[in-house]
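Data block below; observations after.
If you're wondering where the values come from, they're calculated on a predicted model, not measured in any experiment.
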2 protein chains.
Amino acid sequence: MKASNANQYAGHQLQLARLAKALGHPARIAILEHLARVNACVCGDIVEELPLAQATVSQHLRELKEVGLIKGTVEGTSVCYCIDEENWKAIKDQLNKFFRELDKACDNCC
Amino acid sequence: MKASNANQYAGHQLQLARLAKALGHPARIAILEHLARVNACVCGDIVEELPLAQATVSQHLRELKEVGLIKGTVEGTSVCYCIDEENWKAIKDQLNKFFRELDKACDNCC
DNA sequence: ATCTTTAATCGTATTATTGCGATTAAATAG
DNA sequence: CTATTTAATCGCAATAATACGATTAAAGAT
């Protein structure tokens with residue numbers, strides 16, 4: 001998006017788009033699913049799970065972190081990542097609200 | 001994403017990411033919300049609602065159409081867009097399934 | 001203190017997305 | 001048939017995202 005257009009949209013629209021964009025890459029979906037599956041903190045072995053270099057995975061992790069979906073805590077020489085439960089609840093609320101909006105739509109047209 | 005890596009991910013991961021990516025722009029969120037709000041088919045006046053040129057809006061509409069979120073039917077000289085209800089239900093199911101996966105995660109860690 | 005291990009960051013190449021003016025295509029109106 | 005209206009497509013410039021090797025930083029181990 002053009003930076004000069006960012007203020008043309010409603011805050012919640014920017015927020016939703018930002019979130020969706022963070023989910024808009026299969027590697028990041030895979031990371032989230034992995035974190036959910038192991039149901040425990042997981043460190044650098046995320047790299048093993050993906051067909052990507054360490055630097056690239058680190059970049060994807062940062063994007064997920066920036067948008068609040070995951071958090072990482074340093075544990076010795078490695079870092080433990082997991083889904084940020086508190087934020088995740090808020091994010092889910094936001095998404096569900098959007099979904100309900102769309103549900104109301106267009107029962108009678110086209 | 002590198003094209004050669006696409007087959008490294010599970011089908012549902014690619015699908016989810018594709019979907020999320022389509023939602024990952026405020027203009028496309030705005031379009032969907034507008035279509036939902038007017039609760040009726042709406043034609044080219046979507047362009048009026050957005051701070052974008054006609055060509056750009058048309059492009060965003062195509063992306064939403066490609067992923068199945070909306071459909072457009074020609075009506076005379078204009079085109080009538082609305083949320084594709086049937087697909088939207090399926091998409092919502094897919095997303096909710098993903099959400100439930102994440103919900104199970106990480107109650108006890110970090 | 002030096003060596004390892006682990007993950008973040010930097011620099012950079014490649015590719016994809018965004019945005020728009022101009023053009024085209026299709027339907028309708030006159 | 002010739003305008004007009006509406007929306008898609010083309011071509012292109014600008015920007016952003018993706019990926020990776022190399023380097024750096026921080027913690028632990030020896």
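- One atom, CG of A/Asp45, and another, C1' of C/dA7, lie 13 Å apart when rounded to the nearest Å.
- Two residues are said to be in side-chain contact when any heavy atoms from C-beta on lie closer than 4.5 Å; A/Leu64 and A/Ile70 meet this criterion.
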Go along nucleotides 21-30 of chain D 5' to 3' and tag each nucleotide: B for a protein heavy atom under 4.0 Å from its base, S when only backbone or sugar atoms are that close, - otherwise. BB----SS--

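- The nearest whole Å value for the distance from the CD atom in B/Glu49 to the C1' atom in D/dA7 is 17 Å.
- Partners of A/Thr56 under the side chain to side chain contact (heavy atoms under 4.5 Å, CB included) rule, at least two apart in sequence or in another chain, are A/Leu52, A/Ala53, A/His60.
- Relative to the side chain of A/Ser58, the nucleotides C/dT9, D/dA8, D/dT6 differ in distance, and C/dT9 lies closest.
- A/Lys21 has no side-chain polar atom (N or O) that falls below the 4.0 Å cut-off from OP1 or OP2 of D/dA16.
- C/dA8 atom C1' lies 20 Å from atom NZ of A/Lys71, rounded to whole Å.
- For A/Glu63, taking side-chain heavy atoms from C-beta onward, the closest of the listed nucleotides D/dA8, D/dT18, C/dA7 is D/dT18.
- The closest side-chain donor-acceptor pair between A/His25 and A/Arg28, if any, does not fall under 3.5 angstrom.
- Between the P atom of D/dC20 and the CD atom of B/Gln8 lies a distance of 10 Å, rounded to the nearest Å.
- Computed from coordinates, the B/Leu64 CG to D/dA8 P distance equals 12 Å when rounded to whole Å.
- Contact check for B/Leu23 versus A/Leu16: no side-chain heavy atoms found under the 4.5 Å cut-off.
- Of the listed nucleotides (C/dT18, C/dA8, D/dC20), C/dA8 has the atom at the smallest distance from the side chain of A/Leu61.
- Remark: B/Glu66 engages B/Arg62 in a side chain to side chain contact (heavy atoms under 4.5 Å, CB included) (not counting sequence neighbours).
- The interatomic distance linking B/Leu50 (CG) with C/dC20 (P) rounds to 11 Å, in whole Å.
- At C/dG19, one or more side-chain N or O atoms of B/His25 fall inside 4.0 Å of OP1 or OP2 (strictly under the cut-off).
- For B/Gln59 against D/dC10, a side-chain-to-base donor-acceptor contact under 3.5 Å is absent.
- The side chain of A/Arg62 contributes no N or O atom lying less than 4.0 Å from OP1 or OP2 of C/dA7.
- Judged purely by distance below 3.5 Å, without hydrogens or angles, the side chains of A/His12 and B/Glu33 pair a donor atom with an acceptor atom.
- Remark: P of D/dA17 and NE2 of A/His60 are 12 Å apart, rounded to the nearest angstrom.
- You'll find the side chain of A/Leu69 stays beyond 4.5 Å of the side chain of A/Asn87, heavy atoms only.
- A straight line from OH of B/Tyr81 to P of D/dT6 spans 15 Å, rounded to a whole angstrom.
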